[in-house]
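Read the structure below first, then the notes.
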Amino acid sequence: MPIITLADGSQRPYAQPVSVYQVAQDISPGLAKNALAGKVGDHLVDTHSLITQDCPLKIITDRDPEGIDIIRHSTAHLLAHAVKELYPDTQVTIGPVIEDGFYYDFSCPVTFTPDTLTAIETRMKEIAKRNIPIQRLEWPRDQAIAFFKNKGEHYKAEIISSIPANETLSLYQQGDFIDLCRGPHVPNTQHLKVFKLMKIAGAYWRGDARNEMLQRVYGTAWAKKEELQAHLTQLEEAEKRDHRKIGKALDLFHIQEEGPGMVFWHPNGWVIYRILEDYMREKYVAHGYQEIRTPQVLSRTLWEKSGHWEKFHEDMFITESEKHDYAIKPMSCPGHVQVFNHGLRSYRELPLRLAEFGNCHRNEASGALHGLIRVRAFVQDDGHIFCTEDQIQEEAARFIDMAQGIYEDFGFTDITVKLATRPDKRVGAETTWDKAEKALEATLQQKKLLWQLAPGEGAFYGPKIEFSMKDCIGRQFTCGSVQLDFSMPERLGASYVAEDNTRQTPVMLHRAIFGTLERFIGLLLEHYAGILPVWLAPHQVSILTITEKQDTFAAEIAQKLQEQGFRTKIDLRNEKIGFKIREHTLNRVPFQVVLGEREASTRTVAVRTLRGHDLGSMSIEALCQLLAQEVAKRGRI
RNA sequence: GCUGACAUAGCUCAGCCGGUAGAGCAGCUGAUUUGUAAUCAGCAGGUCGUGAGUUCGAAUCCCACUGUCAGCACCA
């Protein structure tokens, strides 16, 4: 005799076990119609699942986030159902819910094209309209394996085989289509109305590049049409923030066929690049780093010692001279150890912080290249801290402070922090790893950061803390990181004289904050949608004349601004003011100064902002002050 | 690298089932001297990514290569 406590706190006693659907029906027929699932405590169940004991119950509809996820999951099944109807030889594999939608991976002898995608979507709509009930089945594992093997669904059988033998499995059936699934699902296909198939792509079986490549279909599903529309609009908007588009529109850089993944920086883009470099130099000084410069090409023998020749060979550009192999450096760490090794080091010098704008090349897989964000030639704000084990935590903490301050200057707030721990392939003793991971974790706790664990994602030589940011369509990229390394100093023979006059091997912290200037600028452009704060804008102020009578006055103003160090553009063209404003607005110049008869006679400037605000007339001194204030703010609001 | 799609003027794009290319913007020239997001007119601009093939004839069809885009794998 279950007593059910509803979300509003009211209780309903029942004489017999009841289904979630029946409870919903008792509350209101409308709710029953909209019920997608039930939530018993923290546990989601189907609407036809029976409640036998006292429990709290929430009826899930498409207004609940859980409801949307259930719709997405059921839509993934609907997709598989449609594909099986259209192409019966297809083997289905997995179809999970992802952000904003779902995907399903198929092994299908027919290659999917955009046309087949349309056909599949049409069939999905048809099936949904058939109003098919979706039922949960529970089978012993071996029966399920036999069932799927018999149907030629070898991938499915393989998935089930990895589940312990004595377990009962749940399967879901809609018409002829049966899929292994934990559930819950919507009670009926008619709940699946608002969805769209988005794209097809390849994806390796079990995420392993050695396996067969399956065909993955991505889709999106929502409770209401308007939500779907809003999502599609948002995607379009996101595309406009794409740094590759902005880079072209603002004439910042280009990449061409002869240098895939290698950036040609144009004058406008190079301004941004240099500001970042200069800015970071200031920070290096402020945080006790010494800047150095090491060679870009080094002998194979060094890369063999460092382990790169073995572990990183595929990713390096190799060259040869006088029967000698060389590699173009993919990272600066071995070079920095050479600087450390030059001369006898004392414990008194530690921590020694060396930094470099390291110009690196990596022969990245062609498919990985992506505008500025994933390139083959780049500059890292690379630094290495040589210290004792006791200094690790302090140094890591100082680094986090430094990084956070810098990200704030650039207006980045949505940063994901991860702790990446020991990977399968690694060097070093377990106790060393324990110590290293604990040190980084303790630092994160000390800094009260919200962070995620990324198990197995550490470098082969040590764990790391990563700072990642999202691009315009939500993909995460690591910018800054700090990595603990107990291995390379030893391999490359680094040592210092300790207090007790013994030779000790230092610990090395690899660290970067921008990560690479290229990636950071790419993400920065997307973050600001091309509308850069004044300190970063390639041109900070434009001087626009009404007629040629103001040419001399304009030149005078321009000179004064330039003398004050503001990046100034002067537009004397024989064009209407509206035309000039439009053009300089599209070029994202933050301040526009209009000079006409009025301004020339009163020796003032009329200032307009990029956002279209008219700041009225002011003296040139007032304008300089305004600009200086904006520059000083950097990216902080 | 893998799977799929795409590659036409500086940029954004059109060019149906094969008959040697078109628009808008930008550029140049001229007129206009203009008050807060596009003044008007004229001119010029392309071996249609590269190479090979089918064909009387290829931007269009086939093949290879290169690059780009999305996803996967990899990663700052």
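Quick note on labels: first sequence line is chain A, next is B, and so on, each numbered from 1.
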Worksheet item: Going by atom types alone, do A:Thr545 and A:Lys580 pair a side-chain donor with an acceptor below 3.5 Å?
Response: yes
Worksheet item: Taking atom types as modelled and ignoring hydrogens, do the side chains of A:Asp571 and A:His584 form a donor-acceptor contact shorter than 3.5 angstrom?
Response: yes
Provide the distance between the two [atom1] atoms, one in [N] and one in [M], to the nearest whole Å.
N	M	atom1	value
B:U66	B:U12	P	24 Å
B:U39	B:G46	C1'	29 Å
B:C6	B:C13	C1'	14 Å
B:A44	B:U3	C1'	44 Å
B:A23	B:C69	C1'	25 Å

Fill in: Bracket notation of RNA chain B in which parentheses pair within the strand, [ ] cross earlier pairs, and | pairs with another strand (Watson-Crick or G-U, under 3.5 Å)
(((((((..((((.....[..)))).(((((.......))))).....(((.(..]....).))))))))))....
Practice prompt. Pick out which of A:Cys108, A:Pro109, A:Ser107 makes a side chain to side chain contact (heavy atoms under 4.5 Å, CB included) with A:Gln91.
Written response: A:Ser107
Length of the line joining [X]:[atom1] and [N]:[atom2], which is rounded to integer Å:
X	N	atom1	atom2	value
A:Leu586	B:A26	CG	P	11 Å
A:Arg374	B:C69	CZ	P	13 Å
A:Met469	B:C75	CE	P	20 Å
A:Arg376	B:C75	CZ	P	16 Å
A:Glu258	B:G49	CD	P	15 Å
A:Lys199	B:U3	NZ	P	19 Å
A:Gln550	B:U36	CD	C1'	14 Å
A:Arg573	B:G27	CZ	P	7 Å

Fill in: Sugar-phosphate, base or nothing in reach of A:Ala512, heavy atoms under 4.0 Å
nothing
Worksheet item: Base, sugar-phosphate alone, or nothing: which one does A:Ser481 contact when heavy atoms must sit under 4.0 Å apart?
Response: nothing
With a 4.0 Å limit, can you tell me whether [X] has a side-chain N or O closer than that to the phosphate oxygens OP1/OP2 of [N]?
X	N	result
A:Lys464	B:A76	yes
A:Lys248	B:U12	yes
A:Arg244	B:C69	yes
A:Arg216	B:A70	no

Discussion item. Is there a side-chain contact between A:Leu372 and A:Leu523 in this structure, where contact means two heavy atoms from C-beta onward sitting under 4.5 Å apart?
Written reply: no
Worksheet entry | Donor-acceptor pair present, A:Tyr204 side chain and B:G71 base, under 3.5 Å | no
Item to complete: Go through the N and O atoms of the side chain of A:Glu364 and the base of B:A76, and report whether any donor-acceptor pair is under 3.5 Å.
Response: yes
Worksheet item: Parallel under 30°, tilted from 30 to 60°, perpendicular over 60°: which one fits the rings of A:Phe514 and A:Phe520?
Response: tilted
Worksheet item: Is the aromatic ring centre of A:Phe378 closer than 5.5 Å to the centre of the six-membered base ring of B:A76, with the two planes inclined by less than 30°?
Response: yes
Discussion item. Suppose the criterion is salt bridge (Lys or Arg N to Asp or Glu O under 4.0 Å): which pairs have a residue in residues 598-619 of chain A, not counting sequence neighbours?
Written reply: A:Glu556-A:Arg603
Item to complete: Could you check A:Gly261 against A:Tyr218 and say which one's nearest nucleotide on RNA chain B is further toward the 5' end?
Response: A:Gly261
